[in-house]
Amino acid sequence: MNKYRSHNCNQLRKESVGTDVILSGWINKKRDHGNLLFIDLRDNYGITQCIINKDNSNFKELEKIQLETVIKIEGKVVDRSKDTINKEIQTGEIEVVIQTFNVLGTCKELPLPVFSDQEYSEEIRLRYRFLDLRRKKIHENIILRSKVISYIRNQMNEFGFLEFQTPILTSSSPEGARDFLVPSRLNPGKFYALPQAPQQFKQLIMVSGFDKYFQIAPCFRDEDARADRSPGEFYQLDLEMSFVEQNDVFKVVEKLLVNTFNEFSDKKLLFNKFPRITYKDSMLKYGSDKPDLRNPLIINDITEIFSRDDVSFEIFKKLVKSGSKVRCIITKNTKDKPRSFFDNIDKWAKEQGASGLAYFTIEKDKEVSGKGPVGKFFSKNSIEEIMKKTGAKVGDSIFLACARQIELEKITSLARDKIARDLELIDDSVFAFCWVVDYPMFEKNEITNKIEFSHNPFSMPQGNLDDLNFDDPLNILAYQYDIVCNGIELSSGAIRNHIPELMYKLFSVAGYSKKDVEQKFSGMINALSFGAPPHGGIAPGIDRIVMLLANEKNIREVTMFPMNQNAQDLMMNAPSEINEKQLKELNIILKDKK
RNA sequence: GGGGGUGUAGCUCAGUUGGUUAGAGCGAUCGCCUGUCACGCGAUAGGUCGAGGGUUCGAGUCCCUUCACUCCCGCCA
């Protein structure tokens, strides 16, 4: 028998009554009655109540031991009387009478209580992450993460995918996020980059003829953190398939996600077949390329209305003339909402940096009219036209924003979310997945006015390749797609461009010469010219999937050892200074600090 | 880089209009308690009110600067 335990802390049941057992674990809680002491012993699996009284010579010593000390106890399993059964824990029908005990690991005074429902500052939690991770909720989150990853791995294997590892030390990529760099000792003055994603490698795997690849891949991007974005590193289910079209990728991923979410969450999927929304539609109807489809509100463009003579909303009309657009959100049957409801939203919009949200409610006495601050600016006919365009009915309200397209998308997107929350329209008990498809290949950088790749430069453009109009690059669409769930971007992917000549052309549109491309993507271009299969893939974010399944709003709640917002690991003290010898070996001289 | 929020005991927080010696719960220490499961009861210790400066007779409280954490914008092909 193992010297530390005969059972774990969640194993003993009524049937074990009378047997001698050895348990080891942490002291979760003590209840000291003076001559009788209860100890809740906890391990990964659960809790067992152990008991000792003053007749035992160990009593005095055990009474003094700190919470979270690791002990081993030997004792006998006994029945609990009916009125002392604890239904909250699975071992609640029995308890263990302690005969002897040993301390296996002592514990100093705790900087944070482990057994408590209190919330703690991130700083203290991250500094003492090993204690934080003992707490029930996050402990379970991390176990969930393990199970989800294992499940996904099994599914992928079943689907016929092969798992490969790709290099962690690789080359810096000119497109995309900021790289993490690693100096090379053997090549002074040169640097490796940590991969932002195994993008080029997975394409090379396809060129190598492996057909279907996946990896739970670490990705490194040196960008600022958000609640749903860890600084530094995160994990993707990276996958790639040969001889496929967009639909083939969709089929695999839909199946995987539907299975995974059904397996690990009680929430219902709103769509088993994910709706497909074009990027253009998404930006118009939801103001965002990551629409939350739980939210029934839809944005409508009613710019035209403001060129009518019977509309006298002069501020908007003037803005429209100078190129702004007007978009609106209809709320159903809100005529009886108090004035404060509307004003709060307007006030909120101003706080978001917009010039506010105008609003009125559609009423009908003898004929329809607008009630509310700006209602008087709209004639009966113009309101009827709005109703026709937007599906609004009498009793509904209309929120209007006017701005240039990009700002307008931003504010209407935020307003859509805000209004739905205020009206409690978002069903929190479902997952609403969708595909966002048909991304433009290029976009214009607003500041530099230059044409840039809008997403992945290796994506395949849509349409007949011979007819592509490179003089009008902004209208070229790509086989580029995202998966969004409840307004969170879960992954993006694409059918790749496997034709070198086409790649040169596309890169030239974005201002790269043939030489640039050959230099920066030599591995890729070279490979594609030796018989590359058509291929495509996607890379769902593991952390975000687990976050949704665990019903958490912050990615650190599903990450074992996350860094803080400043990309520091407070527990391991990273990043840290390094010594002169190391610097010298790496040929690095630090600039003097101020 | 910019904006918002927070910062008071080991932890979570309260602290009125600027006014005597800065409080509570949990935790710690000590004592009492044989059926608790957030056990109960009593006592004790524990504070650079994030830091620095200013206004004031007097600052946890008002002002300025700064630091830390966090949320958001930028950024994230």
Side-chain angles (χ1 to χ4, degrees), chain A residues 28-42 47-56 59 63-64 66-68 78 80-89 91-92 95 97 107-128 131-132 173-179 196-197 199-200 219-232 234 290 351-353 407 410 414 439-443 445-447 452-459 478 480 482 489 492-494 506-507 510 521 539 541 553-554 556 564-566 568 570:
Chain A
N28 192 59
K29 194 73 191 166
K30 286 190 301 187
R31 290 175 294 281
D32 188 353
H33 290 234
N35 293 315
L36 177 71
L37 172 65
F38 295 99
I39 288 181
D40 290 341
L41 200 64
R42 183 197 74 237
I47 287 178
T48 302
Q49 173 165 285
C50 304
I51 184 167
I52 187 168
N53 72 28
K54 66 165 186 221
D55 301 338
N56 188 306
F59 181 79
E63 213 182 8
K64 298 273 178 259
Q66 279 269 356
L67 295 182
E68 293 304 312
V78 300
R80 290 208 209 181
S81 69
K82 223 175 196 172
D83 53 327
T84 59
I85 286 173
N86 182 356
K87 286 181 181 139
E88 303 291 311
I89 55 174
T91 59
E95 60 196 5
V97 177
C107 179
K108 297 195 288 187
E109 189 179 343
L110 294 163
L112 64 94
V114 172
F115 173 70
S116 165
D117 291 330
Q118 270 178 26
E119 303 222 18
Y120 312 98
S121 70
E122 290 275 333
E123 189 176 5
I124 206 100
R125 292 181 60 192
L126 295 184
R127 193 176 298 278
Y128 298 97
L131 291 179
D132 191 36
S173 59
E175 290 280 323
R178 215 172 281 119
D179 285 315
Q196 296 183 21
Q199 179 62 37
Q200 294 193 57
C219 305
F220 306 89
R221 296 178 193 174
D222 187 4
E223 298 294 347
D224 289 349
R226 288 288 182 276
D228 64 352
R229 202 166 82 205
S230 278
F234 61 96
K290 34 184 182 180
E351 283 164 10
Q352 301 306 306
E407 291 96 79
K410 206 171 283 168
L414 289 171
Y439 275 80
M441 190 83 213
F442 300 100
E443 64 190 3
N445 183 314
E446 289 292 310
I447 299 156
E452 296 176 348
F453 286 107
S454 71
H455 277 73
N456 186 327
F458 303 121
S459 299
Q480 161 89 43
D482 278 13
E489 183 189 320
S492 58
L506 292 168
F507 268 95
F521 305 103
K553 289 200 166 54
N554 193 301
R556 290 186 295 274
N564 70 9
Q565 199 166 44
N566 292 326
Q568 299 159 337
L570 299 175

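Chain A is the first sequence line, chain B the second, and so forth, proteins listed ahead of strands; every chain is numbered from 1.
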Determine the stems involving RNA chain B; a stem requires 3 or more consecutive pairs of the Watson-Crick or G-U wobble kind, each with both distances below 3.5 Å, and the answer is none if no such run exists.
B:1-7 with B:67-73, B:10-13 with B:23-26, B:28-32 with B:40-44, B:50-54 with B:62-66

Below the 4.0 Å mark, does rG27(B) have OP1 or OP2 next to a side-chain nitrogen or oxygen of K29(A)?
yes

Closest nucleotide among rC71(B), rU36(B), rC30(B) to the R556(A) side chain:
rC71(B)

Rounded to whole Å, how long is the line connecting atom CD of E119(A) with atom C1' of rU70(B)?
13 Å

Assign F453(A) to base, sugar-phosphate, or nothing according to its heavy-atom contacts below 4.0 angstrom with the strands shown.
sugar-phosphate

Between rU55(B) and rC63(B), how far apart are the two P atoms, rounded to whole Å?
15 Å

Any donor-acceptor pair under 3.5 Å joining the side chain of Q49(A) to the base of rU36(B)?
yes

Same-atom distance (C1') from rA45(B) to rG58(B), integer angstrom:
30 Å

Please state whether the phosphate of rC39(B), meaning OP1 or OP2, lies under 4.0 angstrom from any side-chain nitrogen or oxygen of R31(A).
yes

Whether the side chain of R31(A) engages the backbone of I39(A) through a donor-acceptor N/O pair (distance < 3.5 Å, no angle test) should be reported.
no

Phosphate-side-chain proximity, N53(A) and rU34(B), N/O vs OP1/OP2 below 4.0 Å
no

Base, sugar-phosphate or nothing for E95(A)? Non-hydrogen atoms, less than 4.0 Å.
base

By the 4.0 Å heavy-atom rule, please label E88(A) as base, sugar-phosphate, or nothing.
nothing

Distance between P atoms of rC41(B) and rG25(B) (Å, rounded)
10 Å

Rounding to the closest angstrom, what is the interatomic distance between rG18(B) and rA59(B) at atom C1'?
6 Å

Mind checking K108(A) for me? I need base, sugar-phosphate or nothing, with any heavy atom below 4.0 Å counting as a touch.
nothing

Checking the side chain of R229(A) only, and the main-chain atoms of D224(A) only, is there a donor and an acceptor separated by less than 3.5 Å?
yes

Answer with base, sugar-phosphate or nothing: what part of the nucleic acid does T84(A) contact at a heavy-atom distance below 4.0 Å?
base

The nucleotide from rU70(B), rG25(B), rA38(B) with an atom nearest the side chain of Q565(A) is rU70(B)

Using heavy-atom distances to pick each residue's nearest nucleotide on RNA chain B, tell me which of Q196(A) and D40(A) is more 5'.
D40(A)

Can any side-chain N or O of R178(A) pair as donor or acceptor with the backbone N or O of D222(A) at less than 3.5 Å?
yes

Any donor-acceptor pair, under 3.5 Å, between the side chain of R226(A) and the base of rU70(B), if you only look at N and O atoms?
no

Select base, sugar-phosphate, or nothing to describe what N566(A) touches, counting heavy atoms under 4.0 Å on all strands.
sugar-phosphate

For rU61(B) versus rA38(B), give the span between their C1' atoms, rounded off to a whole number of Å.
34 Å

What contact category does K64(A) fall into here, base, sugar-phosphate, or nothing, at under 4.0 angstrom with non-hydrogen atoms?
sugar-phosphate

Does Y120(A) reach the main-chain N or O of P113(A) with its side chain, forming a donor-acceptor pair under 3.5 Å?
yes

Of the listed nucleotides rU36(B), rU29(B), rC75(B), the one nearest the side chain of E223(A):
rC75(B)

Describe the nucleic acid contact of D228(A) in one word from base, sugar-phosphate, nothing, applying a heavy-atom distance below 4.0 Å.
nothing

Out of rU36(B), rC71(B), rA28(B), which nucleotide sits closest to the side chain of R80(A)?
rU36(B)

Nearest to side-chain heavy atoms of N35(A), which nucleotide of rC33(B), rC71(B), rC37(B):
rC33(B)

Between the side-chain atoms of R229(A) and the base atoms of rC76(B), is any donor-acceptor pair under 3.5 Å?
yes

Counting any heavy atom closer than 4.0 Å, what does D117(A) reach on the DNA or RNA strands: base, sugar-phosphate only, or nothing?
nothing

So what does E109(A) hit on the nucleic acid, given a heavy-atom distance under 4.0 Å: a base, only sugar-phosphate, or nothing?
base

Could you check whether any side-chain N or O of N53(A) sits under 3.5 Å from a backbone N or O of D55(A), counting only pairs where one atom can act as donor and the other as acceptor?
yes

I want to confirm an ordering. Mapping P111(A) and I51(A) to their closest nucleotides on RNA chain B, which one lands closer to the 5' end?
P111(A)

Please answer whether the main-chain N or O of P440(A) pairs with a side-chain N or O of Q480(A) as donor and acceptor at a distance below 3.5 Å.
no

Report yes if some heavy atom in the side chain of F234(A) is under 4.5 Å from a heavy atom in the side chain of R221(A); otherwise report no.
yes

What is the nucleic acid contact for P457(A), judged by heavy atoms within less than 4.0 Å: base, sugar-phosphate only, or nothing?
base

Taking only the side-chain nitrogens and oxygens of N86(A), find out if one of them lies under 4.0 Å from OP1 or OP2 of rC37(B).
no

For the side chain of Q196(A) and the backbone of A177(A), is there at least one donor-acceptor N/O pair under 3.5 Å apart?
yes

One should read off an interatomic distance between T48(A) OG1 and D40(A) CG, to the nearest 0.5 angstrom, of 9.0 Å

Closest to the D224(A) side chain: rC72(B), rG1(B), rU36(B)?
rG1(B)

Taking the C1' atom of each, how far is rU20(B) from rC57(B), in whole Å?
15 Å

OP1 or OP2 of rC72(B) versus the side-chain N and O atoms of K553(A): is any pair under 4.0 Å?
no

At under 4.0 Å between heavy atoms, what does E123(A) touch on the DNA or RNA strands: base, sugar-phosphate, or nothing?
sugar-phosphate

Tell me what I47(A) touches on the nucleic acid: a base, only sugar-phosphate, or nothing, going by heavy atoms under 4.0 Å.
nothing

Could you work out the separation of rU8(B) and rG50(B) based on their C1' atoms and round it to a whole Å?
10 Å

S454(A) near the nucleic acid: base, sugar-phosphate alone, or nothing, with a heavy-atom cut-off under 4.0 Å?
sugar-phosphate

Side chain of H33(A) - closest among rC72(B), rC76(B), rG35(B):
rG35(B)

Which of parallel (below 30°), tilted (30 to 60°) and perpendicular (above 60°) describes F507(A) and F458(A)?
tilted

Does E63(A) come within less than 4.0 Å of K54(A), counting only side-chain N to carboxylate O?
no

What's the closest nucleotide to the side chain of Q118(A) if the choices are rG74(B), rC11(B), rU70(B)?
rC11(B)

Given rC37(B), is OP1 or OP2 found less than 4.0 Å from the side-chain N or O atoms of N28(A)?
no

If you measure from the P atom in rU29(B) to the same atom in rC64(B), how many Å do you get, rounded?
45 Å

